[in-house]
Amino acid sequence: MGRRDDQVKVRGYRIELGDISAALRGHPEVVDACVATDTGNSVGSRLLAWATVRSDRLSANDLRAFLAGRLPEHMVPNELRVLDRMPLTPNGKVDRRVLLERARAVPVDPAAPRDDSFEAAVARIWAEELGVAEVGLADDFFLLGGHSLTIAKVISRTRRELDTDIRVRALFEAPRLADFIERARAATATRTRPAGDG
């Protein structure tokens, strides 16, 4: 009663959520893991994952990199959070409803871009392509639901609208908005530097 099939469809792919959970538990520092989908996002279903870990030094990005080396791209969660403990139902099972409610909660003080037209333009491109209301300087592209299709769109628009030579790898190396903006500025400066200068 109440049991749901763990096979879901995300971006056209059929995915077994249990396979992702098992891959996460394969990390020696992971104690427990839970994976779910959130269909309430305007850009479509997102894969969300949570893990409890033994080491404080293990970050969500570390776990995403771990999964990226073991799973196809479409099975790597859009958002992964490290928790102190999993919320449980009265029956002792992981309470996915609580986890999803927390994931949908609006972050407090997202550190909106300053009164800067370049920053505002990049933030607007991210928000429009990711299908979110706003993006803060501390926000992570992949935690907001970014994937291969939105990467291509964001890079293309940033290059075209801001006349910058920003490359795709910049999003992987600098997924936080503030860091990506600095990369885009630097790429713009390189593009506009006179020939023979330095």
Side-chain angles (χ1 to χ4, degrees), residues 1-27 29-54 56 58-68 70-112 123 126-151 154 171 175-177:
M1 292 290 291
R3 187 183 298 268
R4 293 185 301 177
D5 188 355
D6 270 353
Q7 187 180 87
V8 298
K9 193 170 185 179
V10 178
R11 300 201 301 272
Y13 295 97
R14 289 208 171 274
I15 296 171
E16 291 282 353
L17 298 181
D19 291 344
I20 304 173
S21 298
L24 267 173
R25 293 191 187 100
H27 192 289
E29 294 297 324
V30 170
V31 177
D32 196 9
C34 179
V35 181
T37 53
D38 179 14
T39 57
N41 188 280
S42 60
V43 294
S45 295
R46 295 185 302 157
L47 274 174
L48 309 180
W50 301 266
T52 53
V53 300
R54 295 184 177 88
D56 291 339
L58 190 67
S59 70
N61 283 338
D62 293 333
L63 288 177
R64 279 181 54 85
F66 174 79
L67 290 179
R70 289 159 178 76
L71 298 174
E73 180 190 357
H74 63 271
M75 291 181 68
V76 178
N78 302 107
E79 180 176 325
L80 197 157
R81 298 186 182 189
V82 174
L83 307 176
D84 293 329
R85 62 180 182 275
M86 294 283 186
L88 302 177
T89 66
N91 294 331
K93 295 182 179 180
V94 174
D95 195 329
R96 291 188 182 186
R97 180 184 58 80
V98 170
L99 289 172
L100 285 170
E101 286 176 354
R102 291 177 182 174
R104 293 166 183 159
V106 178
V108 177
D109 187 18
W126 275 37
E128 290 174 359
E129 295 302 335
L130 291 167
V132 296
E134 63 180 11
V135 181
L137 291 173
D139 284 334
D140 184 295
F141 181 81
F142 298 103
L143 296 186
L144 290 174
H147 51 76
S148 56
L149 294 179
T150 47
I151 288 171
V154 163
L171 260 177
R176 206 169 59 103
L177 178 61

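All values below were derived from every heavy atom in this structure, side-chain atoms included, with hydrogens, water molecules and symmetry-related copies excluded.
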So, do [X] and [Y] sit near enough that their side-chain heavy atoms are less than 4.5 Å apart?
X	Y	value
Val135	Leu177	yes
Leu67	Leu80	yes
Pro77	Leu48	no
Trp126	Leu171	yes
Arg54	Val31	yes
Val154	Phe141	yes

Check side chain to side chain contact (heavy atoms under 4.5 Å, CB included) between [X] and all other residues, then give those that pass, not counting sequence neighbours.
X	result
Asp32	Arg25, Thr52, Met86, Val94
Val82	Val53, Ala60, Leu63
Arg14	Gln7, Lys9

Would you name the heavy atoms of [X] and [Y] that are closest together and state the gap between them?
X	Y	result
Gly26	Phe66	C-CZ, 3.8 Å
Val76	Ala68	CG2-CA, 3.8 Å
Leu99	Cys34	CD1-SG, 4.0 Å
Val30	Ala51	CG1-CB, 4.4 Å

**Request:** Determine yes or no for a side-chain-to-main-chain donor-acceptor pair under 3.5 angstrom, with Asp95 supplying the side chain and Arg97 the backbone.
**Result:** yes
**Asked** Run the side-chain contact (heavy atoms from CB on, under 4.5 Å) check on Leu17 and Arg96 step by step: do they pass?
**Response** CA-CA 13 Å; Leu17 298 181; Arg96 291 188 182 186; 3.9 Å; yes
Going by the rule salt bridge (charged side-chain N to carboxylate O under 4.0 Å, His left out), which residues pair with [X] if we only count those two or more places apart in sequence or in a different chain?
X	answer
Asp62	none
Arg70	none
Arg176	Asp179

Can you measure from [atom1] ([X]) to [atom2] ([Y]) and round to the nearest 0.5 angstrom?
X	Y	atom1	atom2	value
Thr37	Ile15	OG1	CD1	9.0 Å
Leu47	Met75	CG	CE	8.5 Å
Glu73	His147	CD	NE2	9.0 Å
Phe142	Thr150	CZ	OG1	8.0 Å
Glu29	Leu24	CD	CG	13.5 Å

